[in-house]
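Reading through the structure tokens given below for one structure.
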2 protein chains.
Amino acid sequence: MATGRTHRPATRSRGIPEATVARLPLYLRALTALSERSVPTVSSEELATAAGVNSAKLRKDFSYLGSYGTRGVGYDVEYLVYQISRELGLTQDWPVVIVGIGNLGAALANYGGFASRGFRVAALIDADPAMAGKPVAGIPVQHTDELEKIITDNGVSIGVIATPAGAAQQVCDRLVAAGITSILNFAPTVLSVPDGVDVRKVDLSIELQILAFHEQRKAGEEVGAPEEAAGAVPPPPVTPHRAPSGAPGAPGADSGRQGPDGDVPAVMPA
Amino acid sequence: MATGRTHRPATRSRGIPEATVARLPLYLRALTALSERSVPTVSSEELATAAGVNSAKLRKDFSYLGSYGTRGVGYDVEYLVYQISRELGLTQDWPVVIVGIGNLGAALANYGGFASRGFRVAALIDADPAMAGKPVAGIPVQHTDELEKIITDNGVSIGVIATPAGAAQQVCDRLVAAGITSILNFAPTVLSVPDGVDVRKVDLSIELQILAFHEQRKAGEEVGAPEEAAGAVPPPPVTPHRAPSGAPGAPGADSGRQGPDGDVPAVMPA
DNA sequence: ATCTGTGAATGGTTTCACAGCT
DNA sequence: AGCTGTGAAACCATTCACAGAT
């Protein structure tokens, strides 16, 4: 049960900063679009705009990869596409398994963006026996029992977890035991993995909550009142010694914020 | 065409750092789980483990909210749940519209995590007339024509875009014109929005590409060869003056990396 | 004249380590 | 004794501004 490493402690990765790595796919996408329109070269300014960043950042980012531009001219589109693809490891193909074929899993299986870069969906796996054999996105779903075999046989090293939260850790453990070393997790749970395994998390409800935070601020500033928008100010930290008997404060319109079962599966696998 | 602002330039938000805001939902989830198990108090250490961060970070984060703990004891679970909910704006409810009801849109509509905190799916919108009226997750899909009316009538300020990339900017413009000020974008495009509108992006293929980057590094280090794993070293930056006639380098096994239509819709709305 | 590549400056985030309260 | 709250230090990321290449 190793303590979950998650973010890669910069193992001296020949220096490319994590923040830069996270933007390379953005540049790649913008470049691919240019390439399709047969644009031969771009300036840092143009490319930055297309990718939604500023040009200084882009140039700094590229400087970690090497000197791939031409002063006074810009960057050769095809050449850059290749260099970034190579840096990201997209010149080889990556078989991927998706575990948990509910709505979300099906959406992922159908997602064109996977196939379009080196990623290939090697298998779809679900715990529901009734799903077994049914094709999703042209690929027959296989039962969880086959998980280990599928991974070894296909040499899969990347797994996508799209199961309900309750099943995620268990699935994760099996994936890791079978040899998976990178996991993309859509279930709303913190996964524990041994050292050397990378986990990235995509969490829909967290993103919304962050938006709500800013949204609330906007609403507050609008009226001029710098603090609370509506509703009474909550009780001060009265240093409670035990759990308060009732509810903590005056939560306003809080008629049952709690969902049907706590933190909730992303999507049912059945 | 305003240049797309995206990340909130820290408008003196009473100081809470963006990185902290992004972690509050994590803490909230861990606290909710504790609350359900009727745990009265937690130490920063325990809570940090449950949330997947370290305790120093957690304490720093909480210190921006106020002094909600008790030295020598820890934090009162219920009280903290309330304080963080309030800070995130989750004590009020947020009507949300989802535009683009393909596999992904349907998955989102069914996602329990939305409903479980203040978020309420106010409407599902799709461009396909054949979808109109069909219930998804118990909510009838409405046609894009109704978009503006739906938003104004329901006072919606948060919109989720789950359309193909090609439609996203257009949908975004209409959402913004109708009064939406926060957008969660699942389409693989950079959205341009006027100042004051927040956009957050969830991009499945980018996450996978980041994993591939690290995966590649692991494979390389394993064999001891610090540089290229397999395949010839690519051509040096020969300062090409125009686009090279053929392909740039020696992309190895690159039998058609390009997908059927470029960067590809997330999921078909039809 | 133009546009890249990069040191130096700035700003934000994480970690350390300990003072201060219970 | 135990655990929070927080300055100070260390680290990472972004932006500035300009030297250097074409």
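Proteins get letters first, then strands, A, B, ... in listed order; numbering begins at 1 in each.
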Which whole-number value in Å describes the distance from [X] [atom1] to [N] [atom2]?
X	N	atom1	atom2	value
K57(A)	dG12(C)	NZ	C1'	12 Å
L80(B)	dG5(D)	CG	C1'	14 Å
D76(B)	dT4(D)	CG	P	13 Å
R23(B)	dT13(C)	CZ	C1'	8 Å
L47(A)	dC3(C)	CG	C1'	14 Å

Taking the side chain from [X] and the backbone from [Y], do they hold a donor-acceptor pair closer than 3.5 Å?
X	Y	answer
Q209(B)	L26(A)	no
S35(B)	L31(B)	no
Q92(A)	G118(A)	no
E87(A)	V21(A)	no

Using a cut-off of less than 4.0 Å, is there contact between a side-chain N or O of N54(A) and OP1 or OP2 of dT14(D)?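 Answer is no, no contact under 4.0 Å.
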Distances under 3.5 Å between nitrogen or oxygen atoms of protein and nucleotides 4-7 of chain C:
from, atom 1, to, atom 2, distance (Å)
dT4(C), OP1, S44(A), N, 2.5
dT4(C), OP2, S44(A), OG, 2.6
dT4(C), O2, R71(A), NH1, 3.3
dG5(C), OP1, Y68(A), N, 3.4
dG5(C), OP1, G69(A), N, 2.9
dG5(C), OP2, Y75(A), OH, 2.8
dG5(C), O4', R71(A), NH2, 3.0
dG5(C), N7, R59(A), NE, 3.0
dG5(C), O6, R59(A), NH2, 3.2

May I have the step-by-step check of ring-ring contact (aromatic ring centres under 6.0 Å, His included) for Y79(B) and Y68(B), ending in yes or no? CA-CA 8 Å; Y79(B) 186 65; Y68(B) 294 152; 5.6 Å; yes
Within the 4.5 Å heavy-atom criterion, are F62(B) and L80(B) side-chain neighbours or not?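 Yes, close enough: below the 4.5 Å cut-off.
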